[in-house]
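Read the structure below first, then the notes.
Ligands are counted one by one from 1 in listed order, and the atoms in each one are counted from 1 as well. Excluded from the calculations below are hydrogen atoms, water molecules and symmetry mates; all remaining heavy atoms, backbone and side chain alike, are included.
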Amino acid sequence: MFEMLLNADMQAAALNVLIWTTAALCAGRWPVERSRRRGRARAVTLLALVGIGMLVVLMRITTVTLMGRESWLFAVDRVAVALPALAVPAAAALVGTLPRLVAWVRRPSLETRIAAFAPTAVVPLQTAALGALVGLWTALFTVLAPPLLGPALLIHSAVVLFAALAWFCQTRRWLAARSRPRRRASRPVRALRAVAAVTAVAVAGTATVNLAAASSKLPDSMSMAPADGAAGGHHGGGESAAAGGTTSVTALTGPRDERPDRRFTLVAAEKTVRLASGRTVRAWAFDGQLPGPTLRVRQGELVEVTVRNELPRANVAVHWHGVDVPNAEDGVPGVTQNAIRPGGTHVYRFRPDESGTHWYHSHQQTSVQQMKGLFGALIIDPPKPAPVDHDWYLAMHSWKTEDGATVPALGLADRLERRRAAPGERVRLRLLNSDRLTHEFSLTGTSFRVTALDGNAVRGPTPVSDRKLAIGAGGRYDVEFVMPDRPVRLTEIQDFVGARDRGLLISADGRGEVTPDLPSREFDPTTYGTPAPTPFGPGSRFTRTKTMVFDNEIGFYDGRFRVTWTVNGMAFPDAPNLTVREGDLVRLRFANRSHFDHPMHLHGHHVLVLSRNGRPVTGSPVWLDTVNVRVGEVWEVAFRADNPGIWMDHCHIGDHAVLGMMMHLSYENVTSPYRVGRATGNRVE
Ligand code: C2O
Ligand code: CU
């Protein structure tokens, strides 16, 4: 729904440019007509253009109003900038242009023609054309987001200045036309002028484009620590570090001297792996497995993981997604460590004081390495785990096969997989979306309970049926059911179309058939389960609040022209980073008016959902590490700043992070000796 609105708004913006520019060009022509008939035709055309122009202005006002009804955040920039820049000159045209055009159409004569050439008639159209251009530009190329006062003042002053200049020029032309009608510059002079104008525009355009391309280049090496004037100098509203001591991330390690309870080694290397269908993937894998080995530990144990990099050329670093480890163990190259070079090793140590379904993945060039297979499950059992008979972990992933296809699969199962469970047995499915899209699942043949979200237990989960589960990239859902005496089938819904043989079929003997349900309604975690007390909530006093509006934009990024993903109109490294002080209670508001879902992942913290689309959470408290903000949605979440360090905060769709949607959260006074960028070998994205 919202996406349709967004498209309609874009179309309205484009139509306004088309109509008003044509009208302005038409009205600005010297008032000499070859014949009476031609003169009249021009008058009628112009009148029609202005009439249609009024309609398309109304159209844009309507689309913006409807967007604003979804959330004022979706419309506020348009209300502050695009609409006034368009509607004010359009209103002036209503008063200044329209009556003169009507008079000219009614009584075509030199007199009425010249009256329609008056600045009062022409300048509104020229200004409306500029306003329409501003409206399209700010929807496509330079998206605006609050705070809007600065940009609004700047743009409106520019429009007013333009109108004044146009008034001056048009007055001179009009006076000339009045005193010496039928005379205008000779053909060669006009041609020369036209050539000069086109050349000037071309030269200025090329220069601007080259400058934009060059200035969009990401620095070869930069620090992400706030104390070092982080990331292009934009602190996103944070305050500068207070005077006093600083802590380096290198000091924020897990227990270094104690004896670990669990030891693992993960070796990253190239490996060709066969999918269930026989297709092969030239993967990058941990221990030769896709997904990597499942690390299973108990809450409170000291875990030690040694990562060895045997990839021939690429560096790696491993992030423990969903586990609030100490900062130095977070595995972010260029922020918490230097990436592990080929042949190198790195030892991670942490003691999770939480449980649930989590995972690990490479955070070096995440968009590439994770998709190639450098990930696996990290399952932390609580002290007293709820007993189940089958505990299955399933990663939804898209593999790039050697034959060039992109094949969606549950683990390596790119076709229907069959497993056995006897009637009455308890089954737990741990669903992980390690892919780059939101995936929607249906479970057919049984009702089920959603027992955990991102590894966090749901309070009082009740049986669900006829709902699809939408899991954003990076997210996890634990689902449990008691095996009925008929088969049960798990299906990924989008890929079901044209791929009926995918998914997981569970039955007593591994045989049987089930036609998958395709529920249209989505399971809503914010209205599910039983409420319970939380350490803070919507009524708490927040020490910091940050609104983040997600857009996409067309423009130069890192030297290339492309679609970028922005937060408050800015892409990494200018996207709004957040600086906090330990103990802060921080509220984040996400509003997604782009064309894609954005699963926002904050490292090192769990966030509590306060509201979704303006409605507060009515069920179990929802704690997440990855908040999948779908198109047209607004979420409010909060967290306590209780884990000092420098933490990534990004969209978990690698392609979006690479193209701008990447920020970080820094604690005051925390510094990092590491640097990111091409020249450093640390590629955080
Ligand atoms: Cu799972 Cu920063 O990522
Ligand atoms: Cu995204």
Among the N/O/S atoms of His650, atom 2 (Cu) of ligand 1 lies closest to NE2
Of all the N, O or S atoms in His321, the one nearest to atom 1 (Cu) of ligand 1 is ND1
Compare all side-chain heavy atoms of Asn327 with those of Trp647 and state whether any distance is below 4.5 angstrom. yes
Measure from atom 2 (Cu) of ligand 1 to each N, O or S atom of His601 and report whether any distance is below 2.8 Å. no
Main chain of Ile379, side chain of His358: is a donor-acceptor contact present, judged purely on distance under 3.5 Å? no
Arg560 atom CZ, over 12 foreign heavy atoms within 6.0 Å: no
Please confirm whether the backbone N or O of Thr547 pairs with a side-chain atom of Asn568, one donor and one acceptor, at under 3.5 Å? yes
The Cu ion (ligand 2) as vertex, arms to ND1 of His656 and ND1 of His598: angle to 10°? 100°
Does the ring center of His363 lie less than 6.0 Å from the ring center of His650? yes
To the nearest 10 degrees, could you say what angle atom 1 (Cu) of ligand 1 makes with NE2 of His652 and NE2 of His361? 110°
Using a cut-off of strictly less than 2.8 Å, determine whether His603 has an N/O/S atom near atom 1 (Cu) of ligand 1. no
